[in-house]
Protein chains: 2
Amino acid sequence: MINLLKNKKISKTPFRKEVLAIFNKYNNAIPLSVVEKELKAFNRITLYRTIKVFLEKGIIHEITINGEVSNYAICKEECDTLGHHHQHIHFKCTSCGIIFCVEVDKFPTIILPKYKINQLEIQAIGLCQNCNL
Amino acid sequence: MINLLKNKKISKTPFRKEVLAIFNKYNNAIPLSVVEKELKAFNRITLYRTIKVFLEKGIIHEITINGEVSNYAICKEECDTLGHHHQHIHFKCTSCGIIFCVEVDKFPTIILPKYKINQLEIQAIGLCQNCNL
DNA sequence: TTTAAAATGCAACAATGTTGCAAATAATTT
DNA sequence: AAATTATTTGCAACATTGTTGCATTTTAAA
Ligand SMILES: [Mn+2]
Ligand SMILES: [Mn+2]
Ligand SMILES: [Zn+2]
Ligand SMILES: [Zn+2]
C-alpha cells in the first residue's frame with residue numbers, strides 16, 4: 001500500500017499519493033466526481049492523467065455499468081501493465097447507487113461454441129445489505 | 001419489425017424508421033458513429049433523442065464494455081418501458097472489435113450472501129469465429 | 001549537488017451530450 | 001377530408017467530459 005507507487009515504478013508525487021489515499025479510504029468503487037471533492041486542490045487535467053496511469057499500471061480498475069458514469073476501485077488482485085485479471089464481480093445497488101467489488105468462491109465459467117472467451121466481466125444489479133433491511 | 005414503432009406507441013417518423021432499419025440490418029451491436037454514417041441525413045440532436053426513446057421503450061439496449069464507447073443493439077427479448085430483461089451475454093472480439101449479443105442455453109446464476117441480485121450483466125472478451133481461424 | 005527524466009498546470013481545443021423554443025410533421029378528432 | 005391537437009424535428013446556445021502542446025516545476029538518478 002505504502003510503496004505501491006514505487007513498486008509500480010512510477011514517480012511518487014503528492015498528487016498521486018493523495019489520489020491513492022482516497023481510493024484506499026473507500027471500500028467501494030467511486031466516480032471521478034468523488035475523487036475531485038476529496039482532493040484538497042485538484043486539477044482536472046492532472047487527475048485525468050493520474051487515473052490513466054493508475055489504470056495502465058494496474059493500480060485501479062474501471063467499472064461501467066449500463067453506460068452510466070465510470071467508477072474506479074483499487075485492484076485487489078495482482079494486475080500490471082500487461083493487463084487486469086480480476087476474478088470478482090461488480091455489484092451495483094439500485095437504491096444507494098454504490099458499486100462494490102465482491103469476491104466470490106467460484107467464479108462462473110461460460111463456454112460459447114462459436115467464441116473463444118479470454119476474460120469474463122460480471123456485473124450484478126440489486127440491493128446491498130444496507131438497503132435491503 | 002415493421003410495426004414495432006406502432007406497437008411501442010411512438011410516432012412513426014422517417015428518421016426513426018431509418019434508424020430502426022439500420023439496427024435491423026446489423027446482426028451485432030453498433031456505436032452511434034456507425035448509425036451516423038449509415039444515415040442519409042443525420043442530425044446529432046435528433047439521433048440522441050431517438051436513441052433515448054428507443055432505449056426507454058425497449059427497442060434497443062446499450063452495451064458498454066470496459067468504459068469504452070457505448071454500442072447499441074436491437075432487443076431480442078421482450079423489453080418495455082418497465083425495463084430490459086435480457087438473458088444473453090455480450091461478447092467483444094479483441095481483434096475486430098465487434099460486439100455480439102449471444103444467446104446461451106443456461107444463463108449462469110450467482111448467489112451472494114450479502115447482496116440481493118435482481119439482474120446479471122455478463123460480458124465476455126475474446127476472439128470471434130472469424131478472427132480465431 | 002548536479003543532471004536527466006518525469007509530472008504538473010495553463011491555454012486551447014475536441015468530442016460528447018443537453019435544453020429552450022419555433023417550425024414542421026404525425027396522429028387524432030370532427 | 002379538413003381541422004385540431006400532440007409530438008417531433010432542428011437550430012442555437014450551452015454544459016460536460018476528455019485531450020494535447022508546451023513551459024515550468026518537481027522527482028529520481030548520477
Ligand atoms: Mn472490482
Ligand atoms: Mn444484447
Ligand atoms: Zn445500497
Ligand atoms: Zn473478431
Side-chain angles (χ1 to χ4, degrees), chain A residues 2-23 29-72 80-81 97 99, chain B residues 2-23 29-72 80-81 97 99:
Chain A
I2 294 156
N3 283 318
L4 189 53
L5 296 175
K6 199 172 191 178
N7 293 345
K8 297 289 185 178
K9 287 171 185 163
I10 61 174
S11 306
K12 215 170 183 173
T13 70
F15 193 95
R16 287 175 177 171
K17 280 191 276 186
E18 200 182 349
V19 173
L20 190 55
I22 293 166
F23 280 117
I30 52 175
L32 288 191
S33 57
V34 170
V35 181
E36 288 175 13
K37 276 171 207 139
E38 295 267 0
L39 282 168
K40 287 193 288 285
F42 104 96
N43 176 279
R44 284 175 58 246
I45 295 127
T46 308
L47 180 54
Y48 278 125
R49 288 199 269 228
T50 300
I51 294 295
K52 192 168 279 180
V53 171
F54 281 15
L55 287 171
E56 285 166 3
K57 295 290 176 174
I59 296 173
I60 61 173
H61 59 288
E62 186 172 14
I63 304 148
T64 317
I65 298 184
N66 284 338
E68 288 163 36
V69 62
S70 285
N71 279 49
Y72 301 88
D80 54 28
T81 317
I99 294 175
Chain B
I2 294 155
N3 283 317
L4 189 53
L5 297 176
K6 199 171 190 179
N7 293 344
K8 297 291 185 177
K9 288 172 184 163
I10 61 173
S11 305
K12 216 170 182 173
T13 70
F15 193 96
R16 286 175 179 170
K17 280 192 276 186
E18 200 182 349
V19 173
L20 189 55
I22 292 166
F23 281 117
I30 52 174
L32 288 191
S33 57
V34 170
V35 181
E36 287 175 13
K37 275 171 208 139
E38 294 267 359
L39 281 168
K40 288 192 286 284
F42 104 95
N43 177 279
R44 283 175 59 245
I45 295 127
T46 307
L47 179 55
Y48 278 126
R49 288 199 269 229
T50 300
I51 294 295
K52 192 169 279 179
V53 170
F54 281 14
L55 287 171
E56 285 165 2
K57 296 289 177 173
I59 295 173
I60 60 173
H61 58 287
E62 185 171 16
I63 305 148
T64 318
I65 298 183
N66 284 338
E68 288 163 35
V69 63
S70 285
N71 279 48
Y72 302 88
D80 53 27
T81 318
I99 295 175

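Throughout, a chain's letter reflects where its sequence line sits, starting with A, and its residues are numbered from 1.
- Think of the region where chain B sits on DNA chain C: with heavy atoms and a 4.0 Å cut, that region ends 5' and 3' at C:dT16 to C:dA27.
- Taking all atoms of both residues into account, the shortest heavy-atom contact from B:L47 to B:F42 is CD2-CD1, 4.4 Å.
- Of the inter-residue distances, the one linking B:L32 atom CG with B:R44 atom CZ reads 10.5 Å to the nearest 0.5 angstrom.
- For the pair A:S11/A:R16, a side-chain contact is recorded, criterion being any heavy-atom separation below 4.5 Å from C-beta on.
- Annotation for A:I30 and A:V35: closest pair CD1-CG2, 3.8 Å, computed over non-hydrogen atoms.
- Partners of B:E62 according to the side-chain hydrogen bond (donor to acceptor under 3.5 Å, both in side chains) rule, which considers only residues two or more places apart in sequence or in another chain, are B:S70, B:Y72.
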Show me, pair by pair, the donor-acceptor contacts under 3.5 angstrom made by side chains of residues 49-61 of chain A, not counting sequence neighbours?
residue: A:T50; atom: OG1; partner: A:T46; partner atom: O; Å: 2.7
residue: A:H61; atom: ND1; partner: A:A73; partner atom: O; Å: 3.1
residue: A:H61; atom: NE2; partner: A:H90; partner atom: NE2; Å: 3.2

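- Going from atom CG of B:N43 over to atom CD of B:E36 covers 10.0 Å, rounded to the nearest 0.5 Å.
- Take A:E18 and apply the salt bridge (charged side-chain N to carboxylate O under 4.0 Å, His left out) test, not counting sequence neighbours, and it matches A:K40.
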Just the table, please: protein N/O against nucleotides 7-11 of chain D N/O, every pair under 3.5 Å.
residue: D:dT7; atom: O3'; partner: B:S11; partner atom: OG; Å: 3.4
residue: D:dT8; atom: OP1; partner: B:R16; partner atom: NH1; Å: 2.9
residue: D:dT8; atom: OP1; partner: B:R16; partner atom: NH2; Å: 2.9
residue: D:dT8; atom: O5'; partner: B:R16; partner atom: NH2; Å: 3.4
residue: D:dT9; atom: OP1; partner: B:T13; partner atom: OG1; Å: 2.7
residue: D:dG10; atom: OP2; partner: B:T46; partner atom: OG1; Å: 2.9
residue: D:dG10; atom: N7; partner: B:R49; partner atom: NH2; Å: 2.6
residue: D:dG10; atom: O6; partner: B:R49; partner atom: NH2; Å: 2.6
residue: D:dC11; atom: OP2; partner: B:N43; partner atom: ND2; Å: 3.3

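- Each end of the helix from C:dT1-D:dA30 to C:dT30-D:dA1 gets its own rotation axis from five pairs of C1' atoms, and the angle between them is 40° to the nearest 10 degrees.
- Here the closest non-hydrogen pair linking B:A29 and B:N71 is O-ND2, 3.4 Å.
- In this structure, A:L47 atom CG and D:dT19 atom C1' are separated by 14 Å, rounded to whole Å.
- Here CD1 of A:I99 is found 7.0 Å from CD of A:E68. Values are rounded to the nearest 0.5 Å.
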